[in-house]
J.: 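The structure follows.
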2 protein chains.
Amino acid sequence: MIHLSNVEKVYRTDRIETVALSNINVRVEQGEFISIMGPSGSGKSTLLNVIGLLDVPTGGEVTLNGRLITSYGDRSLARVRNEEIGFIFQTFHLINDLSVVDNVEIPLLYRKMSGAERRKRALKALEQVGLSARVHHFPSQLSGGQQQRVAIARAIVGGPRILLADEPTGNLDSQMGDEVMSILKALNSLEQTTVVMVTHDQRQAEKTARIVRLFDGRQVN
Amino acid sequence: MIHLSNVEKVYRTDRIETVALSNINVRVEQGEFISIMGPSGSGKSTLLNVIGLLDVPTGGEVTLNGRLITSYGDRSLARVRNEEIGFIFQTFHLINDLSVVDNVEIPLLYRKMSGAERRKRALKALEQVGLSARVHHFPSQLSGGQQQRVAIARAIVGGPRILLADEPTGNLDSQMGDEVMSILKALNSLEQTTVVMVTHDQRQAEKTARIVRLFDGRQVN
Ligand SMILES: Nc1ncnc2c1ncn2[C@@H]1O[C@H](COP(=O)(O)OP(=O)(O)OP(=O)(O)O)[C@@H](O)[C@H]1O
Ligand SMILES: Nc1ncnc2c1ncn2[C@@H]1O[C@H](COP(=O)(O)OP(=O)(O)OP(=O)(O)O)[C@@H](O)[C@H]1O
Ligand SMILES: [Mg+2]
Ligand SMILES: [Mg+2]
């Protein structure tokens with residue numbers, strides 16, 4: 001269960017101050033599937049980064065399973081992220097020097113698992129996103145939507161308890177987008193994975209339990 | 001007028017051979033606004049790169065205004081690209097060490113123009129995409145959709161004769177996506193800019209004159 005209370009995120013440099021989030025109150029229960037929507041620049045990725053413990057708010061509190069995350073040390077915070085959270089980034093963040101399958105295996109390197117078992121799970125995740133014919137390609141040899149799907153496979157391969165998806169269908173045609181949504185919904189209903197998805201696609205958002213809407217860094221409804 | 005005749009693009013490395021395009025016949029007349037659609041991995045970006053002279057086909061011919069582009073030397077090809085073609089890339093390709101306004105000024109550096117005139121035109125392009133409040137930010141300080149809009153501003157700032165847009169609304173909410181489409185349609189109708197747009201969004205494609213559809217590297221209809 002993730003709880004954001006009066007969360008604020010302000011970016012300050014010597015010439016600019018940008019309020020990315022202000023007075024955000026969001027509660028995500030274990031096993032929920034929710035969407036975050038709003039105009040470009042409204043704070044969605046920032047909100048997802050705070051929920052995913054990748055970014056620290058400048059105000060307010062973040063609680064994970066009842067415990068303030070400001071009470072976690074860096075190492076236990078990193079462990080929570082690696083073991084419990086899968087993240088699909090808006091700009092993919094694939095490693096260009098590694099093949100597709102090696103990219104997908106990365107979250108499994110933190111676990112006690114044989115190389116053969118890691119490869120088997122990575123290949124299965126890639127098959128789920130329709131990329132079995134691209135396992136030995138490198139990211140620069142893939143289309144935009146194929147790169148996005150590698151990012152999705154990498155996020156789900158470790159069976160995380162929480163999956164955070166930043167516009168996971170943004171580079172996909174509607175049929176492939178629907179297939180990705182079915183994967184996310186299956187994880188949510190069969191494995192009780194909590195899913196928080198940022199999307200611009202109203203049609204995909206309507207497949208989720210509720211929608212958190214942002215405008216200029218604030219929550220609106 | 002751009003004419004692709006029996007164009008083929010095959011990628012070969014020692015372990016893989018991928019047919020990205022096969023038997024492509026496309027004719028784009030000056031002043032047309034057409035869309036390219038198809039599933040993820042079907043060859044759309046590859047086709048746009050060939051049309052934009054960024055990629056050389058492995059088979060077939062590309063003619064620009066009646067002249068085979070294989071007859072152009074590297075330097076005249078580069079000049080055609082810089083002076084006549086604006087390109088919005090699927091992954092933006094912004095320069096991280098340059099501010100937003102400096103990024104947008106780049107196509108104007110090839111022309112005889114004062115620094116004051118370049119800045120004036122760059123600010124106008126940024127205003128058109130709603131980013132006047134972000135001119136001194138750096139790309140890493142922008143949201144995904146804001147980066148996409150900087151890429152759009154950079155592509156239109158030089159008033160190119162041909163504008164090639166690879167999923168220009170992929171990271172934008174529907175309202176901002178519609179605003180971008182109005183900019184493209186205005187360029188097409190008021191300045192006779194030829195526009196070729198790759199998109200996954202059927203609603204935006206229907207605002208254009210015709211749709212070229214790809215499947216597995218081939219044209220289908
Ligand atoms: N350098 C390369 N080496 C090998 N294969 C490549 C290379 N570049 C692209 N491909 C392959 O060519 C095919 C077409 O790629 P392209 O980027 O044109 O697809 P696309 O239609 O734009 O897809 P998307 O909608 O996902 O962006 C893909 O299957 C891709 O894996
Ligand atoms: N490092 C930073 N420094 C300054 N401002 C920033 C920084 N990072 C983000 N911002 C600003 O914070 C705001 C929110 O950004 P965010 O990436 O959360 O938006 P978003 O809703 O995900 O947008 P999009 O739909 O375009 O991806 C934007 O206006 C952006 O310019
Ligand atoms: Mg975002
Ligand atoms: Mg593409």
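Just so we're on the same page: letters track the sequence lines, and every chain starts at 1.
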J.: Between B:Asp201, B:Thr13, B:Thr199, B:Ile16, which has the largest tally of heavy atom pairs under 4.5 Å with chain A?
T.: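 If we count pairs closer than 4.5 Å to chain A, B:Ile16 comes out on top.
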J.: In terms of heavy-atom proximity below 4.5 Å to chain A, should B:Thr18 be classed as side chain, backbone, both, or neither?
T.: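 Side chain of B:Thr18 only, per the 4.5 Å heavy-atom cut-off to chain A.
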J.: In this structure, are over 12 heavy atoms from other groups packed under 6.0 Å from B:Asn96 atom CG?
T.: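 Yes, enclosed.
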J.: Would you mind telling me which of B:His136, B:Gln146, B:Gln202, B:Gln175 has the largest number of heavy-atom pairs within less than 4.5 Å of chain A?
T.: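 The answer is B:His136.
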J.: Take atom CZ in B:Arg161; do more than 12 heavy atoms of anything else shown fall under 6.0 Å from it?
T.: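 Atom CZ in B:Arg161 is not packed in, count stays at 12 or less.
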J.: Under 6.0 Å from the CZ atom of A:Arg119, do we count more than 12 heavy atoms belonging to anything else shown?
T.: yes
J.: Is the closest side-chain heavy-atom distance between A:Thr169 and B:His200 below 4.5 Å?
T.: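 The answer is no; the side chains never approach within 4.5 Å.
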J.: B:Ser174, B:Gly177, B:Gly170, B:Ala133: which one forms the most heavy-atom pairs within less than 4.5 Å of chain A?
T.: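 Top count of heavy-atom pairs under 4.5 Å with chain A: B:Gly170.
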J.: Sort out for me which of B:Met37, B:Gln90, B:Met176 touches chain A most, counting heavy-atom pairs under 4.5 Å.
T.: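 Highest number of pairs under 4.5 Å: B:Gln90.
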J.: Can you tell which of A:Glu167, A:His137, A:Lys44, A:Gln147 has the highest number of heavy-atom pairs within less than 4.5 Å of chain B?
T.: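 Ranked by contacts with chain B, first place is A:His137.
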J.: Quick one: of B:Ser40, B:Gly41, B:Gly145, B:Ser143, who has the most non-hydrogen atom pairs under 4.5 Å with chain A?
T.: B:Ser40
J.: Atom CD of residue position B:Glu117 - does it have more than 12 heavy atoms of other residues, nucleotides or ligands inside 6.0 Å?
T.: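 Yes, the 6.0 Å shell around CD holds more than 12 heavy atoms from other groups.
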